[in-house]
Amino acid sequence: MFKINFYIFIIFIFSKYVFSKPIDFEGLSKLNLNDLQSITSLDILKNDFEIEEVNNLIKELTLSDLIYEVSYVENLDYFSIVIKEADLIENIFINNNVWIRDDLILDNLVSKKDTFLTKNKIKNDINIISNIYKTKGFLNISVSAKVEKYSFDRVNIIYEVDENKQQKINVIKFIFNNFFSNSFLNTLINSQSLKFYNIFKSGSNLNYSTFEFDKNQIISAYIDEGFNNVKVSYVLEKTSLNNNVLFFYIDEGERIKIDNYEFNFKDNNVSK
């Protein structure tokens, strides 16, 4: 038993010696080791880093606005971590955007002029631009980013937008509504459907915030008529003919009615 434990101990020590290595940092020009140490909670100068610690170190470094990108290579005697330092943003350009103005996009981006550019910021910006377009009915929006060197420590970001076709609501349907008619409910909501026989009606863009507003409008109308437990949900579906159909499903619940009332006044004159 002692021999087995001894062998296990020897194997553990040997594996720790073989797989534990120091780290060599490459790519530093503006930053130094002290700067890196201020970013991470790990001791970057120790000589016994294991692979799990290296991964944690990379995660911590990547979260810093001072670092654009981090990668590593495991060599025989050490881990080589390659750091691409973040540059300041000189300009941000939006290309090929026809339906959405530059200022509306730029005001909502995470990246700002004279701040450091990181990959996380670019990723967030692409999502933001896509979501802005989705609120205007562009479901197949495509956004890509390019980084252009402006000077030694400054870059331009160029977001290329492919808007594709703007989607509209073709049909609006109300399901399970008995108390209110379809025509009345249509007057309550902001969403409008396309009508092939009405060339002046353009139809609403696919905008989920508008759908949510419409849902609340329907609920309020029912509550005003005494339906206290009404429930409304909506679903957007695409038909085989590529039409967009907006369904509002309505659970009216029960309408509360007053069966009887009585007055209880202490003053007989008021009672009369």
Side-chain angles (χ1 to χ4, degrees), residues 94 96-110 123-143 159 161-262:
I94 314 295
N96 304 323
N97 52 311
V98 177
W99 286 89
I100 309 295
R101 303 188 317 272
D102 282 7
D103 56 348
L104 176 59
I105 297 175
L106 293 172
D107 288 345
N108 287 279
L109 295 183
V110 177
K123 182 179 179 181
N124 290 333
D125 287 343
I126 289 176
N127 288 333
I128 289 170
I129 296 173
S130 297
N131 288 333
I132 291 174
Y133 269 92
K134 286 177 182 178
T135 64
K136 302 298 183 181
F138 294 86
L139 296 187
N140 299 318
I141 179 70
S142 175
V143 184
Y159 290 105
V161 178
D162 186 359
E163 294 178 336
N164 289 310
K165 187 177 180 181
Q166 190 176 27
Q167 299 287 309
K168 300 277 188 178
I169 300 173
N170 298 94
V171 180
I172 298 176
K173 292 185 178 182
F174 301 96
I175 309 298
F176 305 133
N177 54 303
N178 296 313
F179 185 80
F180 290 127
S181 66
N182 290 352
S183 57
F184 175 76
L185 292 175
N186 265 313
T187 64
L188 296 177
I189 64 177
N190 284 349
S191 299
Q192 293 184 339
S193 60
L194 284 168
K195 300 295 184 181
F196 68 91
Y197 52 79
N198 187 350
I199 61 174
F200 300 106
K201 196 165 186 180
S202 60
S204 298
N205 300 328
L206 301 187
N207 189 334
Y208 283 90
S209 60
T210 302
F211 302 160
E212 194 69 24
F213 172 84
D214 294 342
K215 182 187 78 172
N216 292 329
Q217 286 291 96
I218 296 171
I219 292 174
S220 296
Y222 272 96
I223 290 176
D224 289 342
E225 293 295 333
F227 294 86
N228 286 344
N229 57 344
V230 61
K231 298 177 182 178
V232 179
S233 60
Y234 58 85
V235 176
L236 185 68
E237 295 184 0
K238 188 175 286 291
T239 68
S240 58
L241 299 176
N242 207 33
N243 290 328
N244 295 306
V245 183
L246 177 61
F247 292 91
F248 285 100
Y249 291 92
I250 301 171
D251 180 1
E252 295 179 336
E254 294 184 2
R255 189 183 186 193
I256 298 175
K257 297 181 179 179
I258 298 175
D259 295 325
N260 191 16
Y261 59 88
E262 63 179 48

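Computed over heavy atoms, backbone and side chain alike; hydrogens, waters and symmetry mates excluded. Counting begins at 1 with the first residue of the sequence.
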Has [X] got a side-chain atom pairing as donor or acceptor with [Y]'s backbone, closer than 3.5 angstrom?
X	Y	value
Asn244	Lys168	yes
Glu252	Asn178	yes
Glu254	Phe227	no
Asn243	Thr239	no

request  = Go through the steps for Ile189 and Ile172 under the test side chain to side chain contact (heavy atoms under 4.5 Å, CB included), then give the verdict.
outcome  = CA-CA 10 Å; Ile189 64 177; Ile172 298 176; 4.0 Å; yes
ask   = Would Asp162 and Asn96 satisfy side chain to side chain donor-acceptor pair (under 3.5 Å), going step by step from the backbone distance to the final call?
value = CA-CA 7 Å; Asp162 186 359; Asn96 304 323; over 6 Å; no
Shortest non-hydrogen contact from [X] toward [Y]:
X	Y	answer
Ser191	Thr210	OG-CG2, 3.6 Å
Val98	Glu163	N-OE2, 2.7 Å
Val143	Ser130	CG2-OG, 3.7 Å

note = The salt bridge (Lys or Arg N to Asp or Glu O under 4.0 Å) partners of Glu225 (sequence neighbours excluded) come to Arg255
Is [Y] close to [X] at the side-chain level, that is, under 4.5 Å between some pair of heavy atoms?
X	Y	result
Val161	Ile129	yes
Val245	Leu236	no
Val232	Tyr249	no
Phe211	Ile169	yes
Phe174	Asn186	yes

Nearest 0.5 Å, what's the [atom1]-[atom2] distance between [X] and [Y]?
X	Y	atom1	atom2	answer
Ile126	Ile141	CD1	CD1	11.0 Å
Phe247	Ser233	CZ	OG	11.5 Å
Asp251	Ile219	CG	CD1	10.5 Å
Phe248	Tyr234	CZ	OH	8.0 Å
Asn124	Asn108	CG	CG	13.0 Å
Lys238	Asn170	NZ	CG	7.5 Å

Distance only, no hydrogens: is a donor on one side chain within 3.5 Å (strictly under) of an acceptor on the other, for [X] and [Y]?
X	Y	answer
Tyr159	Asp125	yes
Asp214	Asn190	no
Asn182	Asn177	yes

query = Parallel, tilted or perpendicular: which describes the rings of Phe179 and Tyr222, with under 30° parallel and over 60° perpendicular?
reply = tilted
request  = Give the intermediate values and the outcome of side chain to side chain contact (heavy atoms under 4.5 Å, CB included) for residues Asn97 and Ile105.
outcome  = CA-CA 10 Å; Asn97 52 311; Ile105 297 175; 4.3 Å; yes
